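Here the structure comes first, spelled out in structure tokens, and everything after it is commentary.
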Amino acid sequence: MTTSHNSALATLRRGLGTTPLPNKITQAANHHKRKHLTRLARLKRDERAEPGDLWEYTQDLLYTEIQADLFRYLLPFCMEGWRFDLLRTSSGYGGFVEYFYQVLADRQVFTKHLTPRQGAAVSRFMRQTILEEIDDQRGLAWEGSKARPYRWVGALNTYGVLFPDLNQLWSAWWALDTVGRAVAAVQYLSCLMYPEDHNPVFAAWTRDRGGGPPGLWEFSGHLYTHRWLQPNVEFLKSVLNLSRVTAVLTQAVERLSGQPEQDIAQQVLADVPVCSTTLKARCDELPRLLEMNQEPASFFEWSV
């Protein structure tokens, strides 16, 4: 494991406080098979949970009464699996993450089973990990369904469902303190400016390869009846406008001076006057889309 990974996990554990393994495992198993609970309960702090065991555990958390002390003990292993999936430092955790987001979206998990300090440690860990993935962004020419920017955009959007302090994540990103954050800003803002089949950063969707620009309203996981928390919607309304977008793109071009991404970033900035009508409309529309529940049958798309 990398130094940054160990450091992030250590910070999370400090924030969660002392969480000893409970003397007795009373957690019910949703599928009546408890072997995964036995394996998870045997984990030492420096060990890694198996993806299949974490997936089984999410089913327990979602459909049976939660054993709070066991949940607090296993939470760092769950958060580590989420981190592995976002950063793609280990494979196999994607299925677990899809359901783990559902667990985190249940506000009772934080109000009943975690203290405010512990909840803050979880949100801080997620913000720092998303920023780490943003910092690692390179490239302003993507095509196909495996485009890396989909990961951080999906995580950012999902964070807005889970925690009301998206402003901390967003403000750190838009400070553009790293090349990756500047690249990510251009990736994101291009989606507000261009028609889907004329985006210079994301090649148009094709039947055989997929692709196209990411949907800026799409959440990860099975969050079909969820929406952005209202403080996040209000924050986005306050920062997403033509003047602020232009300023961020200008700063991004400066940050990318001498970088391979500079030419496309300059093109996107130069296109702002031409795309201003679409940009203004989408800046207004995106917060409205994010405050709507995303039912399974819902299909969102830009009106312009």
Side-chain angles (χ1 to χ4, degrees), residues 130 133-134 136-158 160 166 170 173-174 176 179-220 228 233 236-257 259-292 294 298-304:
I130 294 170
E133 175 63 16
I134 289 175
D136 209 28
Q137 291 299 305
R138 297 307 301 258
L140 290 174
W142 294 92
E143 61 181 54
S145 61
K146 302 298 183 182
R148 185 175 183 181
Y150 295 161
R151 299 210 305 263
W152 77 261
V153 171
L156 176 83
N157 288 345
T158 308
L166 180 80
W170 193 286
W173 164 33
W174 270 21
L176 307 187
V179 168
R181 296 182 195 193
V183 169
V186 179
Q187 292 171 349
Y188 187 94
L189 295 175
S190 74
C191 301
L192 292 169
M193 292 174 54
Y194 298 101
E196 291 192 2
D197 54 351
H198 288 88
N199 189 318
V201 178
F202 297 98
W205 178 91
T206 63
R207 186 180 298 274
D208 58 335
R209 299 198 62 187
L216 302 186
W217 52 81
E218 293 178 350
F219 312 147
S220 300
W228 261 26
V233 174
L236 190 61
K237 290 178 180 177
S238 73
V239 298
L240 209 57
N241 54 65
L242 180 60
S243 61
R244 187 66 188 276
V245 166
T246 303
V248 169
L249 282 173
T250 301
Q251 185 181 350
V253 169
E254 294 172 355
R255 169 64 68 179
L256 295 174
S257 176
Q259 300 293 330
E261 296 87 357
Q262 183 182 20
D263 289 347
I264 295 180
Q266 286 179 324
Q267 176 187 341
V268 173
L269 176 61
D271 285 343
V272 168
V274 179
C275 300
S276 61
T277 299
T278 298
L279 179 55
K280 288 178 182 177
R282 291 182 177 180
C283 285
D284 289 338
E285 186 174 23
L286 183 57
R288 294 198 298 270
L289 293 174
L290 288 167
E291 64 183 350
M292 297 172 62
Q294 297 197 7
S298 299
F299 177 74
F300 293 169
E301 60 181 353
W302 297 116
S303 61
V304 294

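These values consider heavy atoms only, across backbone and side chains, with no hydrogens, waters or symmetry-generated copies. For this chain, numbers begin at 1 and follow the sequence in order. These figures come from a predicted structure and were not determined experimentally.
Side-chain atoms of Ser190 come within 3.5 Å of backbone N or O of Gln187 as a donor-acceptor pair. With Glu285 contributing its side chain and Ser303 its backbone, the two residues share a donor-acceptor pair below 3.5 Å. A donor-acceptor pair under 3.5 Å links the side-chain atoms of Thr158 to the main chain of Ser220, judged by distance alone. Listed for the Trp228 side chain is a donor-acceptor partner under 3.5 Å among the backbone atoms of Asn157.
Contact check for Leu140 versus Gln267: no side-chain heavy atoms found under the 4.5 Å cut-off.
By the ring-ring contact (aromatic ring centres under 6.0 Å, His included) test, Trp152 pairs with Trp173, sequence neighbours left out. Residues satisfying the salt bridge (charged side-chain N to carboxylate O under 4.0 Å, His left out) criterion with Arg181, sequence neighbours excluded, are Asp135. Asp271 is linked by a side-chain hydrogen bond (donor to acceptor under 3.5 Å, both in side chains) to Tyr194, counting only residues two or more places apart in sequence or in another chain.
The shortest non-hydrogen separation linking Ile264 to Ala141 is CD1-CB, 4.4 Å. Taking all atoms of both residues into account, the shortest heavy-atom contact from Trp302 to Leu216 is CZ2-CD1, 4.2 Å. Val179 and Leu256 get closest at one heavy-atom pair: CG1-CD2, 3.7 Å. Between Asp136 and Arg148, the closest heavy-atom pair is OD2-NH2, 2.9 Å. The heavy-atom pair separating Ala184 from Gln137 by the smallest distance is CB-CG, 4.3 Å. Across all non-hydrogen atoms, the minimal contact from Leu176 to Arg255 is O-NE, 3.0 Å.
A distance of 10.5 Å separates CZ in Arg244 from CG in Leu189, rounded to the nearest 0.5 Å.
Checking each of Phe202, Trp170, Trp174 against Tyr188 for a ring pair (Phe, Tyr, Trp, His ring centres under 6.0 Å) leaves exactly one that passes, namely Trp170.
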